[in-house]
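Values below: all heavy atoms of this structure, side chains included; hydrogens, waters and symmetry mates excluded.
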Amino acid sequence: MKIKKSFVALVGVLAVGASVAFAQSPSFFRIGTGGTAGTYYPIGGLIANAISGAEGQGVEGLVATAVSSNGSVANINAIQGGSMESGFTQSDVAYWAHTGTGLYEGKGKVEDLRLIATLYPETIHVVARKDAGINSIADLKGKRVSIDEPGSGTIVDARIVLGAYGLTEDDIQAEHLKPGPAGDLLRDGGLDAYFFVGGYPTGAVSELATSAGISLVPISGPEVDKLLEEYSFFSKDTVPADTYAGVGETETISVAAQWVTSAKQPDDLVYNITKVMWNDASRKALDAGHAKGKMITLENATTSLGIPLHPGAERFYKEAGVLK
């Protein structure tokens, strides 16, 4: 009888202990980023630290981690498959995934993809040899131009930009090189221009400007106004004078680095994450932690809306007055 009572008491203690442990168990929120040498990974680390509920800050009970990955497409696939709760992506790739177009043509729509925040611009560079006589996108006709590899986001953007000015791949001598080899070929005189998408200043373009001399081809004019009406994930952008040696201020367009998640993530969780993302402590961490951190602002968080906001994020932005 004593044994039986002891057994019941022990089971009771274990049950209570289990319920306490369960109540205190943390929620894990992974952020898929990019390669450790890129910008996504350190920015992801800053945001993960800011939203984690440690030392009385962040979202209570939340443990967020930045996870290295192969970038935009890999992160969207991981969110769709459930192996990541969130991730970073370019706004154009997010749009293509959600609509089943561009890179996702024939692959089906990722209809559950939702936006937490637009982070910072990733500028479309059209880098030309200084002596190539290329002063506009229209001047690319007949020139040797690298538009990046098939399957890349850059090649889809390049085709859209060319199309806005009445050009196709057939109107240029198209090469399909990544930016590194394209820059080397341009320096050696074997290429006239190449497309590159990334935040400025980027080291490879800076080095090329210093060693060989370059010009940046403007993406501007009425063609761009029409393009922006058709593709909501693009925004106007300007590369300031002397960002690259010897290159004046250049009008262009950009896509946005965005933080996305799934519609399946709870509204209250995403609301709390978004609220903490934009508090004073997170602001200080972003400003001090990375050069791109200062460009991540509440005012820009709801720009480049190529996909729907997550309802939790949307609720916060309406409360904050940045979304009507």
Side-chain angles (χ1 to χ4, degrees), residues 71-73 90-109 122-198 202 204-205 208-209 212-237 239 247 250-255 306:
S72 296
V73 174
Q90 288 181 193
S91 55
D92 48 357
V93 180
Y95 171 84
W96 296 326
H98 188 256
T99 57
T101 58
L103 289 177
Y104 284 77
E105 190 79 53
K107 297 179 182 177
K109 300 176 182 179
E122 297 194 276
T123 304
I124 297 185
H125 296 63
V126 183
V127 182
R129 250 187 25 255
K130 205 169 183 74
D131 60 355
I134 301 172
N135 300 308
S136 70
I137 297 298
D139 291 340
L140 294 175
K141 187 171 183 176
K143 301 291 188 181
R144 299 164 297 175
V145 184
S146 176
I147 55 176
D148 214 312
E149 295 178 333
S152 69
T154 299
I155 197 171
V156 184
D157 289 337
R159 287 168 177 159
I160 291 172
V161 170
L162 290 170
Y165 293 83
L167 301 177
T168 70
E169 255 176 275
D170 294 336
D171 295 312
I172 62 174
Q173 296 179 50
E175 299 283 350
H176 299 94
L177 304 168
K178 296 307 282 182
D184 293 340
L185 195 60
L186 186 139
R187 181 189 287 107
D188 296 339
L191 198 65
D192 298 310
Y194 69 94
F195 281 78
F196 165 73
V197 181
T202 185
V205 178
L208 193 60
I214 62 163
S215 64
L216 286 184
V217 183
I219 305 174
S220 59
E223 297 89 349
V224 168
D225 293 332
K226 188 176 177 183
L227 184 150
L228 294 177
E229 283 179 19
E230 190 173 352
Y231 299 101
S232 58
F233 52 77
F234 285 126
S235 298
K236 286 188 177 181
D237 200 4
V239 180
V247 179
T250 307
E251 291 183 15
T252 182
I253 58 176
S254 62
V255 294

With T123 via side chain to side chain donor-acceptor pair (under 3.5 Å) - residues at least two apart = D237

The side chain to side chain contact (heavy atoms under 4.5 Å, CB included) partners of K226 (sequence neighbours excluded) come to none

Sub-3.5 Å donor-acceptor pair from the side chain of E122 to the main-chain atoms of S254, do we have one?
-> no

With a 4.5 Å limit on heavy-atom distance, are the side chains of T252 and L216 in contact?
-> no

Shortest non-hydrogen separation from S215 to I134 and the atoms involved | OG-O, 4.1 Å

Atom CD1 in I214, atom CG in L186: separation rounded to 0.5 Å?
-> 8.5 Å

Step by step, work out the side chain to side chain contact (heavy atoms under 4.5 Å, CB included) result for L185 and Y194.
-> CA-CA 10 Å; L185 195 60; Y194 69 94; over 6 Å; no

Listed by chain and number, what are the salt bridge (Lys or Arg N to Asp or Glu O under 4.0 Å) partners of D139, not counting sequence neighbours?
-> none

Can you pull the side chain to side chain donor-acceptor pair (under 3.5 Å) pairs that have at least one residue in residues 95-106, sequence neighbours excluded?
-> T99-T101

Here the pair of heavy atoms bringing G183 nearest to L208 is O-CD1, 3.6 Å

S91 side chain to F233 backbone, donor-acceptor under 3.5 Å = yes

Calculate, to the nearest 0.5 Å, the distance between atoms CD and CG belonging to Q173 and L191 respectively.
-> 10.0 Å

Output, in order, the C-alpha distance, side-chain angles, deciding distance and verdict of side chain to side chain contact (heavy atoms under 4.5 Å, CB included) for V161 and I253.
-> CA-CA 10 Å; V161 170; I253 58 176; 4.1 Å; yes

By ring-ring contact (aromatic ring centres under 6.0 Å, His included), F196 pairs with (sequence neighbours left out) H125

Could you list all the ring pair (Phe, Tyr, Trp, His ring centres under 6.0 Å) pairs where at least one residue sits in residues 132-187, not counting sequence neighbours?
-> none

Least distance between heavy atoms, P218 atom then I137 atom = O-CG1, 3.7 Å

What residues, two or more places apart in sequence or in another chain, satisfy salt bridge (Lys or Arg N to Asp or Glu O under 4.0 Å) together with K236?
-> D225

Answer yes or no: is there a side-chain heavy-atom contact under 4.5 Å between V247 and V239?
-> no

Locate the shortest heavy-atom distance separating V217 from A128; write the atom from each residue and the value.
-> CG2-CB, 3.9 Å

Anything under 30° is parallel, anything over 60° is perpendicular, the rest tilted; go ahead and classify Y231 against F234.
-> perpendicular

Start with the C-alpha gap between D92 and V156, add the side-chain angles, then the distance that decides, and say whether side chain to side chain contact (heavy atoms under 4.5 Å, CB included) holds.
-> CA-CA 9 Å; D92 48 357; V156 184; over 6 Å; no

Could you give the distance from CG (D188) to CZ (R129), rounded to the nearest 0.5 Å?
-> 11.0 Å

Nearest non-hydrogen partners of L140 and I172, listed with the distance | O-CG2, 3.3 Å

Here the salt bridge (charged side-chain N to carboxylate O under 4.0 Å, His left out) pairs for residues 156-166, sequence neighbours left out, are R159-E169

Contacts of K109 that satisfy side chain to side chain donor-acceptor pair (under 3.5 Å) - sequence neighbours left out = none

Listed by chain and number, what are the side chain to side chain donor-acceptor pair (under 3.5 Å) partners of D184, not counting sequence neighbours?
-> R187

Is there any side chain to side chain donor-acceptor pair (under 3.5 Å) pair reaching into residues 143-156, and which pairs are they, with sequence neighbours excluded?
-> R144-D192, D148-K178

